[in-house]
Every structure is written in C-alpha cells, then in structure tokens.
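Here's the structure we're looking at; comments come further down.
None of these values were measured; they are calculated from a predicted model. Below, read A as the first sequence line, B as the second, and so on, with proteins coming before strands; counting in each chain starts at 1.
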Amino acid sequence: MELEPRYDPHAHEQAIYQTWLDAGCFTPPKEQPPGSKPFTVMIPPPNVTGVLHMGHALNGTIQDIVVRFRRAQGYDTLWVPGTDHAGIATQAVVEKKLYAEEGKTREDLGREAFLARVFDWKEQHGNIILEQFRRLGASCDWSRTAFTMDAELSAAVRESFLRLWKKGLIYRGARLVNWDCVLQTAVSDDEIENVERKGKLWYLKYPVAGQAGRFLTVATTRPETMLGDTGVAVHPEDERYGDLVGGHVELPFTDRKIPIVADETVDPKFGTGAVKITPGHDPADYERGQRHQLPVINILNKDGTLNDEGQQFAGASREQARKDVVAALEQLELLEKIEDIKHSVPLSDRSKSVIEPLVSEQWFVKMGELAEPAIRAVNEGKLQFRPERWKKVYLDWLEGVHDWCISRQLWWGHQIPIWYDEDDVPCGSATDLKVGDPHPETGKPIVRQDPDVLDTWASSWLWPFATLGWPNKTADLERFYPTQFLSTARDIIYLWVARMIMAGYEFADHLPEEQRCAFAVCNIHATVLDAKGKRMSKSAGNGIDPLDVIAEYGADAMRYSLIMLTREGQDVRLSENRFEEGKRFTNKIWNAARFVLMNLDKGRVAELSGAALQVEDRWILSRLAAVTDEVTDDLENYRFNDAGTTLYRFVWNDFCDWYLELAKTRQGQDDDSGAAARGVLSRVLTDTLGLLHPFTPFQTEVLWKALHEALGREAEQLLAVTAWPTAEGLERDVQAEERLNLMQDVVGAVRSVRALTGVAERKPLTAVLSTPDAATAAVLEEARAQLLGLGHLSELTIGRDLERPANSAAAVAGGLEVFVPLGEDVDTAKLKEGLTKRVEKLGKVIMSTSKKLENPGFLKNAGEDAVAEERAKLAEFETESSLLQRNLAGL
RNA sequence: GGGCCAUUAGCUCAGUUGGUUAGAGCGCCACGUUGACAUCGUGGAGGUCAGUGGUUCGAAUCCACUAUGGCCCACCA
C-alpha cells in the first residue's frame, strides 16, 4: 500500500467508515463477553429537523473518544444513537412546506392526514443529522437507532404517564401558562428567553369611584391589558393612597368598578406606587388576584387578538389594540404621561414571538416528589458533573422546581393518553382505551381522547432506558442500564438532564435504588463561540459548518482541533484557522508513519531488550511507557485536551524530532542494532496508533492496515476493536532519559553557538566537548556516533577539562563546555553581544535563586527535594556564567 | 437583585495540590532545508499574568474588593 506524501483524508474516510460498519465494530456482541463490564452512552438525540453544527461536532467527538477508548479497554461498550421528534420545530417545518407547496394548512388536511405527512417528511429528511454524525466518525451502534416516536418509545411514554397518573402526580389546572400566539400552544418556562428591550411606561388615570375629579394613576408597559383589569393594588403602608384602600376605581371603556387593594408586593417607588391588576395576563397579577379573590378576565383569543372582553377594541391584534387604547385614553384625557423604560420581554424560543401569559386549561406533573431522589443522587455523588460547577446550577433548579406543564396544543407528538366520558370526566389510568369503551371509574362511555400532545421532553426524559426496551425487562436493559457517561450542552441541564435523572429514579423500578441513576458522569461541554465571542447560531449566520471543515481539513483534523481548543467545559472562540493545527498534526503522524513503514523488517519480530538496543531505543521506549500511562489516566478522567497535548508532544517532539533523526543513523544497517531500531520503530508506531485512535480514528485505521502490510502480514483485526496499548513490558529507563537529555543539551549548545556566530546550519563544524566529569565524558564517548550522525558536527573531540582552542566560540550545556572553532566570516561583535546578554540574564537568575536559598522560610518549608533542586540549579547557573565570562574575556 | 465563568505574548489558549528562567500553536522577523513531512527545520522578537489590597518565607495560582466582557436564574406594573 503506497502512502501519499501528504495525508489526504478524503481518499480514505468513507471507505474506512464502511469497513467498520461491515465488520460490525460498533455493535456489541449478542452475548456479553464473560468478565467484561458494560459501558453505555446515549447520544443526546438531536432534533430530526436538525443539521450538524459545531456544538454537535464537539460533543460527538467527545463521546466518540470516550466510547472508542472504553471499547479498546475491553468494556462491553454501547453507544445508542437516535433523534428526537421535537414537536413544535418539526410540525412547523412541515406546515410551512405544506403551505408553500400546496397552499394548505394542517386543518385543511385534518389530523390524521397531516401526521402521515409529518412521518413521510421524517422518513425522507429525518436522518440527515445521523448521516452527518457518521462523517464525523461516530462509532454508534446504528442497528439500535431510536426515535422518540417509535412504537417502543411511544409505549414507554404511555406507560410512564399511566404510572404518574396512578400516583396522583398528574393534574389539570386552570393556570396562567406561557402562550405562544404564533404557534398557538403553551410553552414551558424553560422554553422562554427574556430579552432586554426598550419600551415605554404609560401612566393611566383611573377615575376614583364616588369622588368626581379624583384619579388614581397607574403605570404600565402594556396599556391594552387594562381591559382585563380587575383591581388596583397599592402598598399597605403607602400614605398617599391609604384612604383609597377599600374603595373602587371606574375602569375606562367598561362599566366595571374595580377594587383598590393593599398588597405587600407593590413597590411604592416604582411608577406611581399603584399597580393595575390583570390576573388574566400577568403572572404576578395572577398571584395578587388570587390573594384578593379578584376575578380573572381573559381578553385575548388564542391567536393574540382581542376577544369580546376587549369592548370596542375587540378583534384587533395586541399591537394594534395597544395603539388604539392609548389613543382613546388620550382623547378622554386619561393619559397622564409616557416614559421611556428598559424592561425585559419574554420571547418564545421557537417562534421568537412575544409570549402572552394566558389562562388556560393544561395538564401538569407535580415535580416536588420526583425531584427529591434526583437531588439526593447528586448530593451523594452517585452522579458527577464535569466541570463540577454545574452541580450547583442543577441543584438550584431542582430545589426551586416548578410543576411541569406537559400539554402542548400541537398535533405532532405523543397524544396525551387521557380519555373523557360523556360528562368530560378524564381518565389516564389505562393505556389502551378507545372511544366507546366504558370509563374505568364512571362506567360511562368514552367519547374522546384529549386532543393535546405531550411536551417533547416527556418522551426524551425516558431516553436512557426506553431505548433499551423499558418497560419490558429486556436483556439489554439488564445489561446496559444504567449508563456511564452523558455529554451534552449546558442549556438542556434543566430541560433534559435533570428530568432524565428524575425519570431514572421514578421508572427504573426493577433496579435497586443505587443503580437507578440514569448515568454516572455528566459532562457539560464547551459552548462554541465565533471569533467575536458570540454564540454560533443559525439565525445569526455566524456558524462554521462542520461539514465544510471536514471537506477542507478532514474529520480527524477537525476532531483533534476541537478537542485541543476546548479545555474542560470552557467556552471557546473558534475561527477557522484553528483547524490548521489538527491538519498539520495529522500530516506529521502520517509522515512519521511513512518513514517507519519504509524501514521495517518483514516477518521478523525484534527483541525489545538486550544489548542491541541503543540509548535512544531505550529512551523512546521509556517515553512511550510514560505517555501510555499518562494518556490512559487522562482519558479515564475525561481530560481530553491533556491527553491530546501529551500525544502531540510525544509524536512531534520526542518521536519525530529526536528518535527518527537518531534512527536514521542506523537506517538500513543489516545487523542486530539496525534490526533493533526497526523493531522499536514498529513497536512505537503500533502503540502510538492505538493511543491516537480515539482522537483520529480514520487516519490511524488506515495506517494500522498499512503497518501490517509493511510487516508482511494481515492485521488480526481492525484497530477500532484492538485492545488499548499498555506500558506492560516497557521499562521506564531513567538512565537512558538522562543520557538523551545530555545529548539534547549538547546539540542545543551547538545550535546556540551557530545562532550566535551565524555559522550556517549544515556547514560542518568541529566541536570540542569539555567536561570536568569522567562519567559524563564516557557517556558522550558512547554517543559519539549518534551525535555525529545528527549532521550538526563533522568532528568531535571529547575530553576532561580541555583547553579552549584558539579562536573559538563557546556555549555551555549541562555543565559542559562546547567549543566551536570560528571561521573568518564570524561576526565577533554579534557573538559578544549574544554572550553578554546571556550572562546578564544568568546574573539575574543567580541573584533570585540565591536569594531564595538564603530565605529561611524556604529552607524550612519547601522540602528537601525542592531545596536540593534549587541548589543544583544555582550551581549550574554559576558554572555556565563563569565559563561564559571566561570565554567572553578571551574573545 | 442573586449566581457562575473569563481576563496570561499581536491572535486563540495551556499553566493539575502556591515553589523550574511563565509555556504551546498560529502570526511576525532571520536563517536553513528538496530521500518521512515546505502542512518541514533552527533561532529570534514579543508578557509589570486586568487593577488594588491581603494571606505567605514565596502568589499567574489562595482570599477580598474593583474594572471589563460573557452566561444563567429571579424580578420587572
């Protein structure tokens, strides 16, 4: 297999993915392998209408790294993919299409026909995002792809509803709900975004009843709602209005006299200190109305226009009514003044229209009891948030949780399993009632099912176990639940994460209490921002499309870059050139592998110990052992970018910069030493590919195959299912590490002399290495061949306390003087300048270090090792400084 | 109003329990290189670690306050 000199991801990615699929790599075996532990991850199901964005790409990468790592470690690993039916979003898409193409509304089609259309649409377009996850390399078990409206999940939804009903946790209430006038449905508190806007504060004068000529002025941002006023409130201790409490005002445009009441919640400093009470259209007023037994008047139709309560304004839109009411009041001289004000306005997440608080009949779930075990689980550490700070956010929400309004006035979704008899008595305690059946409690015939559907989250909160077969006690459920890891975005901690945890405790009843928590670790990933620090979003048009990135840089490069620039949960500004890093790195790996593949012994397994191993061999194997342990530890603790950094340094700075260069000195050598080098290359590449695989799965799989071909054998299996590398059999070799460090010092010293003297890089130099230490001299003597082989030097003299040759420059490294004879073209002034600068810097460092060593506190508290280290450092600095000064004097 | 996060090189970010001469990548400058890799190599310039005060022998790191930016929750007549 010929490898191209530059890695071309597009030549490989699709074929490799297909290979994985064909081999069934992502599907766990039918029977759990003996002794293995399960490791399960549930994908946060994206909306069926969704397309992949950077957040998905990041989160997909995180999950895939974890899953591939655990799979390699031998866990019985399952990653379940799927999509969410996303009630409002999907219905809106199909309605829009229907109107655009056929000019029809959903009512024109009728419920059944419309739903058929939505299912059609889902069949055709609903898998786009899952296809995109494949492009990313996600190793999901596609045979288990789930959808929140599948028959199985629908059955689970009905079962869960029935259980809640039987426990009395579901109730119907006339409540003020957040009404979306565009989508004409109730939405939950969590689907609302409050946006700061400029508005106006109108001061309306209400005539005081029975006191002609006296007015009570109220301030409001929504004058049109005055038609629904049923009272006016003032603070009980507000002296201005004390005499009015108990009296009434006459509400303009109506014949209503409404009471003036005293209420603690009124802020005397805001506006006039008097507030109109509109229980039908304001949550705070609703509460006030309840306290003072005021009637609730709804002045709006479901589409946001004024109903008959709107008097002469009936039929107008909210916006129009506002203008008309203000104009009419002005004419009656009941408008005192208008002020500019900033206030926040509730907008619907979905339609971006202004939310209207509206009294209507809705179904709710009591949350208090459900929240308790979910709070306990996190407090007791059964579930860990990463980063940990989200624990507090989660707990704060649960501790003040509101009841959950679960009914939605839509067609697309799980129709609420509640049936009514002819007297409208509801029943939710059976899952399979039909029209005509007797009502289980009243015995009267059922006449209809509730037309509303359930909130989308009422199905996705069952996701971790409903996708495994719940409520049936399936083998899958037994084997793969509870799950180990969940990674998701912070904005659904309340909507989804908290509810899944509640559902786990409430419904996973076949398990002992301690195993009911839906997952063990909840990772909240970074938010991807654009280069200006704004959140990427489709509407803002500032997003970078992951598919474009894959097209330009390759999936592996994108994965690696995303991981490297998103430290644990920390937001990140993303600009496209960040992907260069990943591309360069994948290319570096590719070329390192190419070099290795050109230098392998077919069919021969080299010993990785013994006399044939050179110091660099023992060094790189020692580094490999350290890196293997480090990366394993990082991944086990979900420190992805630490693992990525470690691998980057190892591959680039150790393996490529040093080992490959040193190995070249033995390239093609047909003896034990040459064979040893080739054996080491093979081992290091093999393990490195394994360690890198979770990050860059496509490329490492390609190289894995090429490596085995070059070795003259078939790979036993795909890298995707090969065991995770371990440091077993590799020795940490401190001596080899020290020796290599010394060699690196020498080369560093030579380079710095070159830089100082301007002697060209490849121009051969003669060097004299002088050391006071016999052991060091011996080590260097051993390394002579390698040092010369690196190409920096043409001749080398090694000895103890050698004299500085005439007309030479010197550098110091590790207590070692390196003299390099100077040619005639050397700029002595520049050399002097450089050396002086270095001496100056050393002077400063020596000063601060000796100060530290004179510090009694440091000597007392820092520990022996630290003190010894500082002493050694100081000695080194002093040696270097004096040697340099001596050399400087001789110039 | 309550809470969270950030502020380190021109840019994007590391810096694990306080103790190396504060790092990396990109960008910039100089030089080099065509048998793994120009998606390369070597060297360099560039930082009073947002500010102030405190704790400590010692603070980018811990504490308090301030400033700027971002996010979340609550309220908003």
Side-chain angles (χ1 to χ4, degrees), chain A residues 3 5-7 194 201-202 204 218-222 225 232-233 265-267 270-278 282-285 288 341-345 387 389-390 392-393 396-397 400 490-491 493-494 527 529 531 533-535 553 557 561 564-567 569-575 577-578 580-581 583-599 637 639 641-642 645 648-649 656-657 660-661 664 667 751-752 754-756 758 760-763 792 841-842 844-846 848-849 851-852 854-863 866-867 869-870 873 877:
Chain A
L3 298 183
R6 287 186 196 176
Y7 175 54
N194 288 299
L201 194 58
W202 284 271
L204 316 182
V218 297
T220 179
T221 54
R222 302 190 51 203
T225 62
V232 174
T265 61
V266 178
D267 177 2
F270 188 92
T272 60
V275 53
K276 64 197 226 22
I277 305 177
T278 322
D282 183 282
D285 286 0
R288 291 185 185 119
I341 191 179
K342 261 193 182 172
H343 65 138
S344 68
V345 177
R389 62 175 181 276
W390 296 110
K392 191 174 174 328
V393 174
D396 285 351
W397 183 78
R490 70 191 53 162
D491 43 354
I493 291 177
Y494 308 140
T527 301
L529 309 171
K534 294 278 171 230
R535 207 184 148 144
Y553 302 89
S561 294
M564 287 309 288
L565 57 77
T566 59
R567 200 174 91 64
Q570 199 57 259
D571 290 354
V572 68
R573 295 179 181 205
L574 183 64
S575 55
N577 63 9
R578 293 310 312 259
E580 291 290 345
E581 184 183 0
K583 197 177 172 189
R584 286 171 53 252
F585 186 47
T586 50
N587 189 60
K588 192 72 179 177
I589 296 162
W590 184 258
N591 275 289
R594 284 184 71 214
F595 176 82
V596 174
L597 299 188
M598 290 170 191
N599 292 284
N637 292 291
R639 293 188 300 253
N641 80 332
D642 287 349
T645 306
Y648 185 96
R649 298 228 164 103
C656 293
D657 288 352
L660 290 189
E661 292 307 318
K664 280 177 187 170
Q667 202 169 0
R751 279 179 184 152
S752 79
R754 284 182 186 276
L756 287 173
E761 180 81 7
R762 283 286 161 196
K763 197 170 156 190
H792 300 286
K841 179 153 192 196
L842 281 168
K844 280 186 200 163
V845 178
I846 287 167
S848 73
T849 311
K851 221 167 152 187
K852 198 188 247 182
E854 283 159 18
N855 182 336
F858 175 73
L859 294 173
K860 206 173 112 196
N861 301 324
V867 174
E869 207 175 303
E870 289 294 320
K873 252 165 44 191
F877 295 145

Tell me the interatomic distance from [X], atom [atom1], to [N], atom [atom2], rounded to whole angstroms.
{"X": "Arg639(A)", "N": "rG15(B)", "atom1": "CZ", "atom2": "P", "value": "11 Å"}
{"X": "Arg573(A)", "N": "rG10(B)", "atom1": "CZ", "atom2": "C1'", "value": "14 Å"}
{"X": "Ile589(A)", "N": "rC37(B)", "atom1": "CD1", "atom2": "C1'", "value": "12 Å"}
{"X": "Arg584(A)", "N": "rG25(B)", "atom1": "CZ", "atom2": "P", "value": "8 Å"}
{"X": "Arg389(A)", "N": "rG3(B)", "atom1": "CZ", "atom2": "P", "value": "17 Å"}
{"X": "Leu859(A)", "N": "rG58(B)", "atom1": "CG", "atom2": "C1'", "value": "12 Å"}
{"X": "Glu580(A)", "N": "rC26(B)", "atom1": "CD", "atom2": "C1'", "value": "9 Å"}
{"X": "Lys852(A)", "N": "rU56(B)", "atom1": "NZ", "atom2": "C1'", "value": "14 Å"}

Kindly point out which of [options] is positioned nearest to the side chain of [X]?
{"X": "Asp657(A)", "options": "rG41(B), rC76(B), rA36(B)", "result": "rG41(B)"}
{"X": "Asn861(A)", "options": "rC76(B), rG3(B), rC57(B)", "result": "rC57(B)"}
{"X": "Asn591(A)", "options": "rU21(B), rA36(B), rG23(B)", "result": "rA36(B)"}
{"X": "Lys873(A)", "options": "rU20(B), rU42(B), rC76(B)", "result": "rU20(B)"}
{"X": "Lys588(A)", "options": "rC76(B), rC40(B), rU42(B)", "result": "rC40(B)"}
{"X": "Ser344(A)", "options": "rC57(B), rC76(B), rA36(B)", "result": "rC76(B)"}
{"X": "Tyr494(A)", "options": "rU21(B), rC72(B), rC75(B)", "result": "rC72(B)"}
{"X": "Val572(A)", "options": "rC13(B), rA36(B), rG25(B)", "result": "rC13(B)"}
{"X": "Tyr648(A)", "options": "rC57(B), rG25(B), rG3(B)", "result": "rG25(B)"}

Query - Distance below 4.0 Å between Lys664(A) side-chain N/O and rA36(B) OP1 or OP2 - result: yes

Query raised in the report: Does a sphere of radius 6.0 Å around CD in Gln667(A) hold more than 12 heavy atoms from other residues, nucleotides or ligands, not counting ones at 6.0 Å or beyond?
Result: yes

Nearest non-hydrogen partners of [X] and [Y], listed with the distance:
{"X": "Asp285(A)", "Y": "Lys276(A)", "answer": "OD2-O, 3.2 Å"}
{"X": "Leu204(A)", "Y": "Thr220(A)", "answer": "CD1-CG2, 3.8 Å"}
{"X": "Ser561(A)", "Y": "Glu581(A)", "answer": "OG-C, 4.3 Å"}
{"X": "Val232(A)", "Y": "Val218(A)", "answer": "CG1-CG1, 3.8 Å"}

Could you check which nucleotide pairs with [N] in any of the strands shown, counting Watson-Crick or G-U wobble with both distances under 3.5 Å?
{"N": "rU68(B)", "result": "rA6(B)"}
{"N": "rU20(B)", "result": "none"}
{"N": "rG1(B)", "result": "rC73(B)"}
{"N": "rC37(B)", "result": "none"}
{"N": "rG43(B)", "result": "rC29(B)"}

For the [atom1] atoms, the ones on [N] and on [M], what distance do you get once it is rounded to whole angstrom?
{"N": "rA64(B)", "M": "rC5(B)", "atom1": "P", "result": "11 Å"}
{"N": "rA50(B)", "M": "rU8(B)", "atom1": "P", "result": "6 Å"}
{"N": "rA9(B)", "M": "rC26(B)", "atom1": "C1'", "result": "12 Å"}
{"N": "rC11(B)", "M": "rU52(B)", "atom1": "C1'", "result": "28 Å"}
{"N": "rC37(B)", "M": "rU42(B)", "atom1": "C1'", "result": "16 Å"}
{"N": "rU21(B)", "M": "rA59(B)", "atom1": "P", "result": "15 Å"}
{"N": "rU66(B)", "M": "rA22(B)", "atom1": "P", "result": "32 Å"}
{"N": "rG58(B)", "M": "rU20(B)", "atom1": "P", "result": "15 Å"}

Side chain of [X], base of [N]: donor and acceptor closer than 3.5 Å?
{"X": "Gln667(A)", "N": "rA36(B)", "result": "no"}
{"X": "Lys860(A)", "N": "rC57(B)", "result": "no"}
{"X": "Lys841(A)", "N": "rU21(B)", "result": "yes"}

Where the side chain of [X] meets the backbone of [Y], is there a donor-acceptor pair that is under 3.5 Å apart?
{"X": "Asn587(A)", "Y": "Lys583(A)", "result": "no"}
{"X": "Asn194(A)", "Y": "Ser344(A)", "result": "no"}
{"X": "Asn637(A)", "Y": "Arg639(A)", "result": "no"}

Query raised in the report: When the nearest nucleotide of RNA chain B is assigned to Asn587(A) and to Ser848(A) on a heavy-atom basis, which residue is associated with the more 5' position?
Result: Ser848(A)

